[in-house]
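Let me begin by presenting the structure, written as structure tokens, before commenting on it.
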Amino acid sequence: MGAKGENRLSEKDVRHWLAHMAKGTARTTKLSDGGGIFLALTPAGTPCWRFRYRFGGKEQLASLGVYPRVGRADARRARDTMKDQLTEGHDPVGKRRLERLRQESASGTTFADVAEQWFGKQTEDWCAAHEKRSRAYFENDVLPFIGRLPVAEIDVDMCLRIVKSKERGGASVAARKILRHMNDIYRYAQAKGYCSHNPAALVKELLKKERRATPRPALVEWDALGDIMRRADAAPVSKQVHMAHRLIAFTAVRIGAVILAEWSEFDLDGTSPKWTIPRAKCKVKDREGDFAVPLSPTIAGELGQWRKATGGAGYLFPSPTGKAHITHESLEKVYRKTLALDGIHSPHSWRSALSTLANDNGFDHDVVELALDHQPRKKIRASYDRGDRLAERTKLARWWDTELSGAQRGDPPANVIDINSRRTASR
């Protein structure tokens, strides 16, 4: 046998002891290497390294592995590691057991499992359309590649490949949304103890910087807007699409709410016609109450005639192709192709036109923002100022009607000079 103290055994000592154990002539059933580790036979006759130590005033025994798969040097390194843990106040066996449980939990938790848990938490805060779109991104572009992998085994390169692949397909905005969701999913996984790292957080550092968003193109001069209205009247488009275009032009409501508009939302018979859009159909979800849109005389009259022609039930603009309603693309295509306005003006551009011209003509900025149902930039202010200022927005809608209808006829703007009087009229 070797010298007294730690690391006392030689390879010859171990083989000699095992040979005597096999013959039943060994003088001891345990072979000590010093420092708390020794070699002993299991009930099945397998030699195994053990480490004896004390923790919390009690003697504990840890297994270091089977000999000769775990040799003397490996057993000694394991002993030294456990002694360091004891010095730090940790129970080596308890620490090892906890780590094993974590690994088992992580290996049994796939990225798809965690993603589903995270998506489930968003249901109350997201509208149905946003959730459907976000889930579709993952089902098409993420889960087929990493969905079945344990969440703890996914690395930065895997996440980067998914995002870069989406970018190469020309969908850079979608790629960034996917990355943001992956980052949130991994933060959730970390909080749940499924993993200790977040590979998605590092992907952003490997991507090109996002280009600054440029304003959408929009025509904001009366003669140009009047020309659009005249050309649209003469364009060979379906009556449904033409009426949807008119509703957008006179109200500046977002295209999504227009194509989903239903007759039950409209009051055309009162002294102050209006369209009440359910908050669930609006882009801004966290504002109290539905979005009331005053309808000016021109569009209210046209909608009344449209109601007589269509029966006034269901969607305002049912699709001529048999679908429930017309689509975004059916309207966008008229502007891009039929009216040759690609990169110049779109259905959404009417919002910019109304905002620019109304502000230039002295209307109160907050009234214009409310007319467009914009999200208030100052949350504190929004929490106190909850009025819809409908009377002032009705004046704005009638002014817009007068000017836009005049522009369509080719008339010069009626009142664009006296800003002070316009500002007074808007209050």
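No hydrogens, no waters, no symmetry mates; every other heavy atom, side chains included, goes into these values. Predicted model only: the values in this text are computed from it and were never measured.
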I need the [X] [atom1] to [Y] [atom2] distance, nearest 0.5 Å.
| X | Y | atom1 | atom2 | answer |
| --- | --- | --- | --- | --- |
| K83 | R76 | NZ | CZ | 12.0 Å |
| H365 | L370 | NE2 | CG | 9.5 Å |
| Y188 | Q117 | OH | CD | 4.0 Å |
| D184 | H181 | CG | NE2 | 7.5 Å |
| L86 | M82 | CG | CE | 8.5 Å |
| R398 | D401 | CZ | CG | 9.5 Å |

Short side-chain donor-acceptor distance under 3.5 Å, [Y] and [X]:
| X | Y | result |
| --- | --- | --- |
| N140 | R135 | no |
| Y315 | Q240 | no |
| Q408 | D233 | yes |
| D84 | T87 | no |

Qualifying residues under ring pair (Phe, Tyr, Trp, His ring centres under 6.0 Å), relative to [X], sequence neighbours excluded:
| X | answer |
| --- | --- |
| W275 | F266 |
| H348 | none |
| F138 | F119 |
| Y53 | F51 |

Check this for me, if you would: do [X] and [Y] make a salt bridge, where the nitrogen-to-carboxylate-oxygen distance has to be below 4.0 angstrom?
| X | Y | answer |
| --- | --- | --- |
| R307 | D269 | yes |
| E262 | K281 | yes |
| K192 | D113 | no |
| E392 | R389 | yes |
| D74 | R77 | yes |

Considering residues at least two apart in sequence or located in another chain, which fulfil the side chain to side chain contact (heavy atoms under 4.5 Å, CB included) criterion with H345? A218, L219, L225, I228, Y335, L341, S349, W350
Heavy atoms, side chains only, cut-off 4.5 Å: are [X] and [Y] in contact?
| X | Y | result |
| --- | --- | --- |
| W400 | F363 | no |
| E302 | I299 | yes |
| L268 | W263 | yes |
| P320 | I326 | yes |
| R393 | P294 | yes |
| E265 | P278 | yes |
| Y186 | F111 | yes |
| D33 | N7 | yes |

Salt bridge (charged side-chain N to carboxylate O under 4.0 Å, His left out) contacts in which one or both residues fall within residues 37-46, not counting sequence neighbours: none
Please, which pairs that meet salt bridge (charged side-chain N to carboxylate O under 4.0 Å, His left out) have at least one residue in residues 332-348, sequence neighbours excluded? E329-R336
Where [X] and [Y] come nearest, the two heavy atoms and their spacing:
| X | Y | result |
| --- | --- | --- |
| G147 | T110 | O-CB, 3.2 Å |
| P47 | L18 | CB-CD2, 4.0 Å |
| H197 | Q190 | C-NE2, 3.7 Å |
| F250 | S296 | CD2-OG, 4.2 Å |
| L331 | V241 | CD2-O, 3.7 Å |
| I154 | C159 | CG2-SG, 3.9 Å |

Could I get the full list of salt bridge (Lys or Arg N to Asp or Glu O under 4.0 Å) partners for [X], not counting sequence neighbours?
| X | answer |
| --- | --- |
| R148 | none |
| K166 | D141 |
| R52 | E59 |
| E139 | none |

Examine distances only and state if a side-chain atom of [X] and a backbone atom of [Y] form a donor-acceptor pair shorter than 3.5 Å.
| X | Y | result |
| --- | --- | --- |
| S355 | R351 | no |
| D290 | R279 | yes |
| Q305 | G301 | no |
| S165 | I162 | no |

Around R231, counting heavy atoms of other residues, nucleotides and ligands shown, do more than 12 lie under 6.0 Å from its CZ?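 Above 12, so yes.
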With a sphere of 6.0 Å drawn around CZ of R230, does it hold more than 12 non-hydrogen atoms of other residues, nucleotides or ligands? yes
Take L41 and T46 through the test side-chain contact (heavy atoms from CB on, under 4.5 Å) and record every step on the way to the result. CA-CA 5 Å; L41 296 185; T46 304; over 6 Å; no
Applying side-chain hydrogen bond (donor to acceptor under 3.5 Å, both in side chains), which residue pairs with at least one partner in residues 64-73 are found, sequence neighbours left out? E11-Y67, E11-R72
Using 30° and 60° as the class boundaries, would you call the ring planes of W399 and W222 parallel, tilted or perpendicular?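 Rings of W399 and W222: perpendicular, over 60°.
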With a 6.0 Å cut-off on ring centres, are F38 and W49 close enough?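 Ring centroids of F38 and W49 are no less than 6.0 Å from each other.
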With side-chain contact (heavy atoms from CB on, under 4.5 Å) as the test, would you mind laying out the steps for D373 and K283 before giving the verdict? CA-CA 8 Å; D373 198 36; K283 181 178 180 180; over 6 Å; no
Would F317 and I259 satisfy side-chain contact (heavy atoms from CB on, under 4.5 Å), going step by step from the backbone distance to the final call? CA-CA 7 Å; F317 309 118; I259 65 172; over 6 Å; no
Determine, step by step, whether W306 and K239 satisfy the side-chain contact (heavy atoms from CB on, under 4.5 Å) criterion, reporting the C-alpha distance in whole Å, the side-chain angles of both residues, the deciding distance to 0.1 Å, and the verdict. CA-CA 9 Å; W306 182 240; K239 188 64 175 176; 3.0 Å; yes
